[in-house]
Each structure stands twice: as C-alpha cells, then as structure tokens.
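Read the structure below first, then the notes.
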Amino acid sequence: MRTSFLHSFGAICLIIGCCNSSSLHAQKIDSTNAVQLKEIFLVANKEKLKKHFSPVSVQSLTGKSLTRLSNSSVADAIRFFSGVQLKDYGGIGGIKTINVRGMGSQHTGIFYDGVQLGNAQNGQIDLGKYSVQNMEAVSLYQGQRSDLNQSAKSYASSNSIYLKTKTPQFSEGKSINTNVSLKTGSFGLVNPSVNLDFKINKHLSARVSTEYLNASGKYKFRYTNGSYDTIATRNNADIESFRAEASLHGSNGIKNNWNVKLYHYDSERGLPGAIVANRFKRPQRLWDRNNFLQGAFTNHVNDFYFFVLRGKYAHNYSRYVDPEIIKVDGELDNRYTQEEYYLSMVNTFQVSPFWKLSLATDLQKNTMDANLYRFSYPKRITLLSALAADFNFDKIHIQASVLSTTVDETVLYYEAAEDLQKYSPTIMMNWQPFTSNKFRVRSFYKEIFRMPTFNDLYYTFIGNTFLDPEDAAQVNLGFSYQTEFKKTAFDLQADVYKIWIDNKIVAVPGANLFRWTMLNLGKVETTGIETSIKASGSLGTKFKYNTNLSYTYQESIDVTANASNYGDQIPYIPRHSGSVNAMIDYQEIEFNYSFIYTGERYSQKANISSNYLEPWFTHDLSLGKTLLFNRKKLKVLVAVNNVFNQQYAVVKNFPMPGRSYRFTLNFLL
C-alpha cells in the first residue's frame, strides 16, 4: 500500500494530541456541560445525533423520505447520496448497480437487516430488485459502521449500504396493521403491494410483505447518429416480478431479542441492449429467482457482556437466453445456481465505562453450478475474524480494528485459485476540538481488498486463476456542524478523501473477441470532496419543511504504469455531481421536489471526444394528500418524473426514459 497503517496511525494521533490533550481522559459531566447538552442535543433527532458523533460519513433516507421522493426501488433512493454513481441500463426493469467514490461496485457491501447480500458470481447486486415499499431506512457508510455488534463481514468492504426493513409497531389497543398500496402510471406500470403486521403477544410479532410488479417498459426516446435524428421506442424492456417476505420478531424485555426472515423474489425481464448501428430491438431475456432464510439473536448476558448470533442460507438461480447466439445444441441458454451458507458470532465486552472490545467471527461457504462448457464448479470457504477496540471519552471517540481473512478455494475440475490469508487494519476517530459540541471533526484510515469473483477466475475462455485481490486504501477527513436557530435546524457536513486501488482487475482482449483475459493491471487514484447541507423546521403552525443540498467533486484517474491513457478520468465517473430535494407539508398536503445533476463523463478509458458523455439533469415533482375515512388513512400521491423531458443516458447507448407519470394510492387500516 502507498500509505502504511503505522504512519497514518501516528499522524492521526499527533493531530488529536494537538487538538486537545485533556480530551484523552474520561471526565465527569459538570453542570455547564449538562446545560449545553440539554440545550443542543437532548431535543434532537436520534439519527442526527448518531451521524454527528460518527467517525465516518453517514447518509440515510428514512421511511417517509423514501416514499416521498417518487422512488420505486432502493436504487432510485441511493441516487440522492453524494459520492455515488448509479449505473442504470434504462427503464423500470433495467439492471441497476452502484459505484461509491469510484471504487467499483464490488467494493460496496450491501447488507439486508445486518446480513450481507452475496453474489459470488460477479460481485454485483442489482439494487433495482429491492423495493422501498418494505424499507424503514437506507443508509450509506463510508469506510465501515462503528457499531460493535456488527458481523466480521461488515469490516470487509470499502463502504457499506444498510437496508433496514420495517418491523411491526403497534399503537395502543391494536394487534393488526394493514397497509395496502397500488401504483400505476407510465410504462404500463401495475404495482400493488400488501403489508400485514400481527401482534401475537407482548413478546412476539410477525410481518408479511408482498409486492407484484408488471410493466411493459416501453418509452419514447430521441436517437441521433450525427447525421439525422429520430424518435424511437424502447422495446424488450418489460418486467414481471413478485416479492414476498415473512418475518417473526421476538423479545424478552431488554435482555434479548431475535428475528427470523424468509425472503423470495422471482422475476422475468427483457434486456433491451445497446442502441448501436441503427438497431433498436434486442431479443435477450433474463430470469432471476432469489431465496434466503436468515435470522439473528442478541443476548445481553449482563452489564459487561453481550453477544449476537446470525445465520443465513441463500439459494440464487439465474437464466440468460440469447436467441442471436446459436450453438450446436440450439440458442444460448446459460443457467447459474449459487448457494451460500453463513454463520456469524459477535462478542462484545464492556471493559470499562469508556472502553469496549468486540470479537466477531464469520464462516461462509459459497458454491456455484452452471451449464457452461468446461465449467470448474468452484467452492469458496471464507473465515473472517475482526477484533475491534472502542474508546469513548468526553470529547473524543476512537475505534481501531483489524480484520483477518482466510479463503480456501477448491474446484471440481481444472485448477483452483490460490488460498489466501490477509490482515486489514482500520482506525476511525471523531473528536470535539472546541468547547461547543455543535462542531465535530471525523477521520478514518482503512485498508481492505476485494476477492476476484467466480467469473473473474473461472469463466470459460476468460477467467484467470492467478489473479490477485484488488487492494484499496482510504484516507478521509471531514467535519459535522449542527445547530438550531429559532424554529430551524441546520446540518452541515463535508469530507475530503483520497483512495488508492492497486492490482485492479481488468479484462484484456486476446486472440479474438470471444477470448478475453482477466489481469491485474490497473492502478487508480481518487481525490474527492463531498458536502451536504440540510435545513428543516416550520413556518408558523401549518408549514413544515425539510431540504437537502449535496455536491461531490471527484477526480478518479488511471495511474497504471505505461498506460496510454495515464492520467485520464476513469469511465463513468463525473468530476461534478449533486442533488437537491425539498419536502414541504401543509396540514395533510405534501409537496416534494428533487433535482439530480451528473456532470460530463467518458464511457471508455481514453478521454477522447468519441467517448465523451454530456452532463444530464432531471427534475421530479410530486403532490400528495392524506384523507381520513372513519379514522382510516388514504394517501393519494401524483408524481411527475423528469419534468422537462430531458433526453439522457447514464450508460452510453442505453437511453433513459423522458417525462413519466406515477399515481399512488396507499390505504392504512
């Protein structure tokens, strides 16, 4: 790595020592501090407090915000986070993957109720599959969470997205909650959902969430090849999907709690393909079937020790059909099956009032089956152990951790990749440099890597079993400022960061277009700035508002030795991007506005005019009203997305929809 852990640790400790040496000792809160805390923070939102005191940058959208920003999937919501690039291949059924701070989608861990979603085949999670209908919160953590009850897997990614589903909540005297919703609109959209909560007794509750989605996916778009313009229709972008979740939630006071979740997702969709050579229609189809059973148990044994057990079994199936490729036995029909077994235990010890220790151990087994010619049938067993120490003093919070990763790789046929043993350190800090706790500084240094995927290693004619992991190192320095003025709360956050990625895995063409080779060739350096300004409050007694402005500057350049494109911005990373959203409430009426901007980018490594992609932006509006019928709530929401009919493409030759409409009915019983 370009920056050693020891050097960074020493530098950060020196900074802390210069800031306030007295803050390194635990102190009792005197009367002055007590008044200050009461005035500033005791009335504040709990989530805002967590972000303010967090040693890493945290961005989140909670239940109401998720439904009000005209979002249908988690991918649509994450677009509003700074430092994020969403690869969207177009339309309501288009595959959507995420890239955070230019590191690549495989460096981002996606966690569903605390357990990571896996895809050993290619390392990418299609966020378009996950609806916001059953989501309580969507959060992005740069580096890693500081929560000591997290699994060892939570330490093993460069950044993490946590999807928290809704849990049953009951008002006094109620034992059943019903939430029925229907969305319809452009693209032939039909999207009903039903959510049911059951209170079995005071210690046990259950939740069932189902959703169906059907859409033709057809939309008009403008196409030009430089000599003429035309209006065409996007075809083979249809989707039909069904999601069902069932969960049980139990608790025994504050000592222990547990939950079990069963998840099922089934879909068929068209893959419309790229618009090239005046060709507007493709026949490829994709089927996905994802099932998993997961659970967690937390037990607070006493005031000094508690543990968390987690487990999961997942079975994922996908089928890809391409009628344009004809083999001896007929058209291309590739089928993949993945299985995952996962166990985790976290032990947390309260050593002293200001010192906690955590030891997390995870064991995971991944297998893959496919009907491909000369397939290896790989099996990967991964053992992760994370030791973390947390020191929380009066004005400073320090957390240090080291992750041990052991990977055992075997195959049924041919040659397996080498086994791996690696250690990854992280140190994170949040401190208060001044008397007031309105302003806090945060920083972290993290080393981590990502394993080559099964496709990288074993895909027929392409895979390379001699690949090394991609190594990444991150340095981040930022601040958080929170204050209140009359009836308005302000939240300002900013971060400056530097990232190095070595041994980047790239595909290099071989003897022909069908024989590529995966190699460790790339080196990427990223320098960036992220800022966010939030304001919320009220005007009089009837108006309430919540606004957010975010901006990202990011320079991600290729620094591979002797590369012809040395110093060029890497593909699809804009230097400038940002978003604005505003939510206004007037009694039972709500108005929502959002704006997203993505600056100029390049579709290939070479930053030349033929690869240039123009900036794009969209405006979205929605208006809703809540009606009461015999104490039952009916919410009506009308949304217009891409109000000005902007013609753009997130991925080159994959045009996005223009103006579209959505109508939602939501009935609460």
Side-chain angles (χ1 to χ4, degrees), residues 61 63-80 86 88-96 127-135 138 179-195 209-221 233-234 237-243 267 269 272 579-585 588-596 616-627 633-648 650 655-668:
L61 287 168
K64 289 184 178 180
S65 299
L66 288 174
T67 58
R68 292 181 60 164
L69 291 174
S70 303
N71 302 317
S72 59
S73 72
V74 168
D76 297 322
I78 289 174
R79 296 181 306 159
F80 294 97
L86 184 72
D88 191 331
Y89 291 85
I92 192 168
I95 295 173
K96 299 169 176 62
L127 291 172
K129 293 179 181 179
Y130 300 95
S131 169
V132 299
Q133 190 64 38
N134 192 38
M135 291 294 163
V138 176
N179 187 329
V180 180
S181 178
L182 174 64
K183 295 179 183 178
T184 186
S186 302
F187 322 120
L189 174 66
V190 178
N191 182 204
S193 64
V194 178
N195 297 281
S209 176
T210 63
E211 182 176 15
Y212 173 78
L213 187 148
N214 189 293
S216 67
K218 292 185 178 181
Y219 55 89
K220 301 289 186 180
F221 66 94
T233 300
R234 195 69 161 143
D238 61 293
I239 182 173
E240 182 177 21
S241 68
F242 175 73
R243 173 186 60 84
S267 72
R269 73 184 76 196
S579 68
V580 178
N581 60 67
M583 293 174 282
I584 301 173
D585 292 335
E588 299 301 323
I589 298 175
E590 65 179 51
F591 171 77
N592 310 293
Y593 165 76
S594 61
F595 167 80
I596 292 178
W616 61 266
F617 59 87
T618 59
H619 300 264
D620 300 333
L621 296 173
S622 67
L623 184 66
K625 182 175 176 60
T626 301
L627 307 173
K633 290 184 179 181
L634 174 64
K635 182 178 178 181
V636 181
L637 183 71
V638 179
V640 183
N641 295 328
N642 196 356
V643 175
F644 298 106
N645 200 33
Q646 172 85 357
Q647 300 294 303
Y648 70 102
V650 177
M656 296 291 291
R659 186 185 301 112
S660 63
Y661 305 90
R662 185 167 299 169
F663 180 74
T664 303
L665 288 175
N666 187 237
F667 195 38
L668 297 175

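When all heavy atoms are compared, the tightest approach of Leu61 to Ala77 is CD1-O, 3.5 Å. Annotation for Arg234 and Tyr89: closest pair NH2-O, 4.2 Å, computed over non-hydrogen atoms. For the pair Gly658 and Gln647, the tightest heavy-atom approach, listed with the atom from each and the gap, is CA-NE2, 4.1 Å. A pairwise comparison of heavy atoms in Ala75 and Gly128 identifies CB-N, 4.2 Å as the closest pair. Annotation for Leu86 and Val650: closest pair O-CG1, 3.0 Å, computed over non-hydrogen atoms. The two residues Ser131 and Val74 come nearest to each other via the heavy atoms O-CG2, 4.3 Å.
Using modelled atom types, one finds no donor on one side chain facing an acceptor on the other under 3.5 Å when comparing Arg659 with Ser186.
Asn179 CG to Ser209 OG: the interatomic distance, rounded to the nearest 0.5 Å, is 9.0 Å. Put simply, CG on Asn641 and OH on Tyr661 are 10.5 Å apart, with the number rounded to the nearest 0.5 Å.
Put simply, the side chain of Arg243 does not reach to within 4.5 Å of the side chain of Leu213, judged on heavy atoms. Residues Ile92 and Ile239 form a side-chain contact, since some pair of their non-hydrogen atoms from C-beta on lies under 4.5 Å apart. At least one side-chain heavy atom of Ser181 sits under 4.5 Å from a side-chain heavy atom of Thr664. Side-chain contact between Val138 and Leu66: present, with at least one pair of heavy atoms (C-beta onward) separated by less than 4.5 Å.
Trp616 and Tyr648 have parallel rings, their planes meeting at less than 30° on a 0 to 90° scale where 60° marks the start of perpendicular. By the 30° and 60° cut-offs, the orientation of the rings of His619 relative to Phe595 is tilted.
The only member of Lys625, Met583, Lys635 that meets side-chain contact (heavy atoms from CB on, under 4.5 Å) when paired with Glu590 is Lys635.
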List the steps, then state whether side chain to side chain donor-acceptor pair (under 3.5 Å) holds for Asn581 with Asn592. CA-CA 7 Å; Asn581 60 67; Asn592 310 293; over 6 Å; no
Report task. Evaluate the side-chain contact (heavy atoms from CB on, under 4.5 Å) criterion for residues Leu637 and Asn666: first the C-alpha distance (whole Å), next the side-chain angles of each, then the deciding distance (0.1 Å), finally the verdict. Result -> CA-CA 8 Å; Leu637 183 71; Asn666 187 237; over 6 Å; no
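Surrounding NZ of Lys218 are at most 12 heavy atoms belonging to other residues, nucleotides or ligands under 6.0 Å away.
The side chain to side chain donor-acceptor pair (under 3.5 Å) search around Glu240 returns Tyr212, not counting sequence neighbours. The ring-ring contact (aromatic ring centres under 6.0 Å, His included) check on Phe221 picks up nothing, with sequence neighbours excluded.
Here the side chain of Asp620 pairs no donor or acceptor atom with the backbone of Ser594 at under 3.5 angstrom. Formation of a donor-acceptor pair under 3.5 Å by the Ser216 side chain with backbone atoms of Phe187 is found in this model. Of the possible polar contacts, one joining the Thr184 side chain to the Leu189 backbone as a donor-acceptor pair under 3.5 Å is found. Asn195 contributes no side-chain N or O that, together with a main-chain N or O of Asn134, makes up a donor-acceptor pair within less than 3.5 Å.
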